[in-house]
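Report on the following structure.
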Amino acid sequence: QVLLVESGGGLVQAGGSLRLSCACSGRDFSTIAMGWFRQAPGKEREFVARISWSRWSDAIKYYADSVKGRFTISRDYAKNTVYLQMSSLKPEDTAVYYCAGDVRSDNSAQYWGQGTQVTVSS
């Protein structure tokens, strides 16, 4: 059974930081792209960040314009874990954040976590 389990969400003041983690199990995640998406109340789920896979060079990272320069996606192959470091958080970053596996260039994904709530207070 493939599982993606997010953690690290919570309540933070505007300008603060959080690091989300996504622990992956059930298959080999080392050869697929991983990503983060989010869904705010009353809105559709949107792409946040994506990271390609590579064992011999730097992975390629993609970000939504709204988070560029503030969020950083990374992955630890040994731990089968993907991270999203979020800094300079804004109230508009408030959403449920979802980890995704096997993310394609059109931002579709085969695997999804259950989500973790991030709330940024003003």
R75 and Y83: side-chain contact (heavy atoms from CB on, under 4.5 Å), yes or no, with the steps?
CA-CA 6 Å; R75 64 193 299 172; Y83 303 98; over 6 Å; no
Residue pair T72 / L84, side-chain heavy-atom distance below 4.5 Å:
no
Please tell me whether C99 and C24 are bridged, where bridged means their SG atoms are separated by under 2.5 Å.
no
Check I32 against D102 and note the closest heavy-atom contact, atom names and distance.
CD1-N, 3.4 Å
In this structure, which one of Y98, Y111, F47 forms a ring-ring contact (aromatic ring centres under 6.0 Å, His included) with F37?
F47
Heavy atoms, side chains only, cut-off 4.5 Å: are S66 and R38 in contact?
yes
Start with the C-alpha gap between K90 and D93, add the side-chain angles, then the distance that decides, and say whether salt bridge (Lys or Arg N to Asp or Glu O under 4.0 Å) holds.
CA-CA 5 Å; K90 305 175 182 179; D93 294 318; over 6 Å; no
Y97 and F71 aromatic ring geometry - parallel, tilted or perpendicular at 30°/60° bounds:
tilted
Of all the heavy-atom pairs spanning V103 and A109, show the shortest one and how long it is.
CG2-CB, 4.0 Å
Do the non-hydrogen side-chain atoms of N107 and E46 ever get within less than 4.5 Å of each other?
no
Contact check, side chains of I73 and R50, non-hydrogen atoms, under 4.5 Å:
no
Is the side chain of T94 donor-acceptor paired with the backbone N or O of V120 at a distance under 3.5 Å, no angle test?
yes
Going by atom types alone, do T119 and Q117 pair a side-chain donor with an acceptor below 3.5 Å?
yes
Quick one: does W36's side chain get under 4.5 Å of E6's, heavy atoms only?
yes
Minimal heavy-atom distance between S122 and P91, with the atoms involved, is CB-CG, 3.9 Å
Applying the 4.5 Å side-chain criterion to the ILVMFWY set and letting contacts propagate, would V12 and V96 be lumped into a single cluster?
no
Which pair of non-hydrogen atoms, one from Y63 and one from K68, has the smallest distance, and what is that distance?
O-CE, 3.4 Å
So which heavy atom on K79 is nearest to which on T81, and how close?
O-OG1, 2.9 Å
Quick one: does I60's side chain get under 4.5 Å of I51's, heavy atoms only?
no
Do F29 and M34 come close enough that some side-chain heavy atom pair is under 4.5 Å?
yes
Can you list the steps and then say if L4 with V82 is a side-chain contact (heavy atoms from CB on, under 4.5 Å)?
CA-CA 10 Å; L4 301 179; V82 181; over 6 Å; no
Closest non-hydrogen atom pair, L18 against L89:
N-CD1, 3.9 Å
Pairwise side-chain contact, S74 with Q85, heavy-atom cut-off 4.5 Å (strictly under)
no
Is there a chain of hydrophobic side chains (I, L, V, M, F, W, Y, each step under 4.5 Å between heavy atoms) that links W112 to V118?
no
